[in-house]
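Taking it in order: structure first as structure tokens, then the write-up.
Atoms within each ligand, like the ligands themselves, are counted from 1 in listed order. Numbering of residues begins at 1 and proceeds along the displayed sequence.
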Amino acid sequence: MTRQSERHRRVFACQECGYQSSRWMGFCPSPSCNSASPLVETEQTPARSSRSPWVDVSSAPFQELANISEESHPRLQLPSQELNRVLGGGLVAGSVVLLAGEPGVGKSTLLLQIAQSMAAAGRKVLYACGEESTQQIKLRSQRLGFDGQGVFLLAETDLGPMLEKLEEFQPDILMVDSIQTLYSEEVPSGPGSVSQVREAGLRLTRWAKMRHAPILLAGHITKDGSVAGPRVLEHMVDVVAYLESQEFSAFRILRSNKNRFGSTAEVGVFEMTGQGLSDVPDPSRALLAQRYEHAVGSALVPAVEGSRPLLLEVQALTSPTQLPAPRRVANGVDYSRMLMIAAVAGRRAGVELAGQDIIVNVAGGFQVGEPAADLAIALAMASSLRNASIDPGLVAFGEIGLSGELRSVPQTQRRLDEAARLGFSQCALPQAALDGLEPPAGMKLRPARTLRQLLQAVLAKPERARGL
Ligand code: TYD
Ligand code: MG
């Protein structure tokens, strides 16, 4: 065997999921990873973490589930109710949370705000800053109006010394900004690579479980929205939360797509202000405040995100196309869902959208993925096409089927109650949703079986609208 033996064998690795191959390939063949980037030649590293980080070595080998107390996972309440909601009721001791987001979205700001409040509550906080200098963090803290008492900065990116310092300092909570800057000298590839991130993730996770101290990791995401490089990390940590924003919007939406301690359907809503991120406890009202009530091409849907109903405004603009193939743009709604609704509205409800460019947008940078928004999307498009506004007191929800029929959706009562709470007086909904529904006082229901019936009832007639 040559000197390039066992330990330094060269392999080709996917930078997204860590798949390894002895041959070079132009894409990753792993079925669970759709990366189209070529494999990168690296040195194969021996698996060094022999013991799983999740095993609590101090506990007895056979424990009856019934006898395990929940107390061993107390939750730390964070300053923001929005954050607590997304985490499932607070930060669990010994859990590892990956906070992922695009550069500039506010990850470092959020981490520093959490650090600040934890320190104020008398906890030992350590903030490992590999991304920025300590002066930069000082500037940010000044901006947040925070003197920095009780928050200790650790300017260390080398994993070995960092873990030694953790043992020395014994923090109650650790922030790492960001995981991509950490590296271990024992791993041959550069910082941010799959093997480095995997090593850092494993060793930090083991430390968190051992010391029952939570860790918050900031992580970058690539343009296509996945956590840069370290898909591997998503499997290791307990919570993966994405902080999202749309261009020019001050709202930030935090949603988790993995949570071992709570529901992934929950969302948190924040606003970026001059003093960092602040909670938006009533997003429906905040969004409605900016609405022009008599706008054409605007419809409201009481959507449900996790346990919380959110009243969202769907806007549509249609205009005769100048191109051989009409353009369709979807912001905040699923693109293929929008195409389907436009096709059904055209074929089954007489809304002639074929020669039209269509832009659909959800106001405030929000996203709505549930089929309950179908009806509002169709209403907004039809309203724009016929140049007829919708009654400002009306909300609509319901799924649209391919034959133009309206289908019921879950949680109808909560949607209605939210609309009533915000002062709306009418709700367009599928006939099938009426079962067992108790309309709140002052709320008039406008049920229909098909999209065609509903549009006739709700939209001003085209003849009248023409004169507008
Ligand atoms: P930052 O937390 O640095 O983002 P990330 O760590 O995700 O890259 O936030 C950067 C943006 O937030 C920056 O454009 C400035 C803005 N910002 C405010 O608007 N108000 C504030 O109080 C702070 C601290 C930042
Ligand atoms: Mg940052």
Side-chain angles (χ1 to χ4, degrees), residues 78-80 82-83 86-87 96-120 125-157 162 173-183 191-192 196-197 200-201 204 215-230 233-234 237 239-257 267-280 283 286 364-365:
L78 297 177
S80 142
E82 298 295 301
L83 255 174
V86 175
L87 292 173
V96 181
V97 177
L98 174 65
L99 180 65
E102 289 180 357
V105 74
K107 301 180 293 298
S108 305
T109 306
L110 194 56
L111 288 189
L112 198 58
Q113 285 181 272
I114 298 172
Q116 165 183 1
S117 69
M118 290 286 109
V125 183
L126 193 61
Y127 191 111
C129 48
E131 196 117 303
E132 291 166 310
S133 67
T134 46
Q135 281 77 21
Q136 279 170 311
I137 297 181
K138 180 72 192 172
L139 281 178
R140 183 178 288 117
S141 82
Q142 280 172 342
R143 204 171 160 180
L144 297 171
F146 171 43
D147 62 6
Q149 261 187 16
V151 173
F152 292 84
L153 300 185
L154 174 65
E156 179 65 80
T157 51
M162 182 178 166
I173 177 166
L174 171 71
M175 327 273 169
V176 178
D177 192 2
S178 67
I179 182 80
Q180 276 98 353
T181 57
L182 297 186
Y183 74 98
Q196 287 287 6
V197 167
L204 284 175
I215 301 185
L216 293 159
L217 305 169
H220 295 279
I221 60 172
T222 55
K223 281 198 202 81
D224 66 356
S226 58
V227 180
L233 204 58
E234 297 191 350
V237 300
V239 180
V240 182
Y242 285 89
L243 191 60
E244 300 168 353
S245 80
Q246 279 216 335
E247 251 178 308
F248 312 121
S249 167
F251 287 117
R252 299 286 185 272
I253 296 144
L254 185 70
R255 50 179 93 235
S256 65
N257 76 349
V267 296
V269 184
F270 302 89
E271 192 176 359
M272 184 58 97
T273 66
Q275 287 82 43
L277 289 162
S278 61
D279 279 13
V280 181

Just need the protein heavy atom nearest to [atom], so name the residue and atom and give the distance.
atom: atom 1 (P) of ligand 1; result: T109 OG1, 3.6 Å
atom: atom 3 (O) of ligand 1; result: R140 NH2, 2.7 Å
atom: atom 16 (C) of ligand 1; result: M272 CE, 4.0 Å
atom: atom 11 (C) of ligand 1; result: G104 O, 3.5 Å
atom: atom 4 (O) of ligand 1; result: G106 N, 3.1 Å

* Asked: Salt-bridged, R252 to E271, with N to O below 4.0 Å?
  -> no
* Asked: Does a salt bridge link E132 with R140, judged by any charged N lying under 4.0 Å from a carboxylate O?
  -> yes
Consider ligand 1: state whether an atom of it lies below 4.0 angstrom from any non-hydrogen atom of [X].
X: G276; value: yes
X: T273; value: yes
X: E102; value: yes

* Asked: Backbone, side chain, both or neither: what part of K107 comes under 4.0 angstrom of ligand 1, heavy atoms only?
  -> both
* How about atom 18 (C) of ligand 1: does it have a protein heavy atom within less than 4.0 Å? -> yes
* Which heavy atom of A115 sits nearest a heavy atom of V151, and at what distance? -> O-CG2, 3.6 Å
* Asked: L233 and G201: which non-hydrogen atoms are nearest, and at how many Å?
  -> CD1-CA, 3.8 Å
* To do: Say whether, by atom type as modelled, one donor and one acceptor occur between the side chain of E244 and the main chain of R255 under 3.5 angstrom.
  => no
* Asked: Looking just at side-chain N and O atoms, do E131 and T181 make a donor-acceptor pair shorter than 3.5 Å?
  -> no
* **N/O separation below 3.5 Å, E132 to ligand 1** => no
* Asked: Backbone or side chain, does any N or O of G274 fall under 3.5 Å from an N or O of ligand 1?
  -> yes
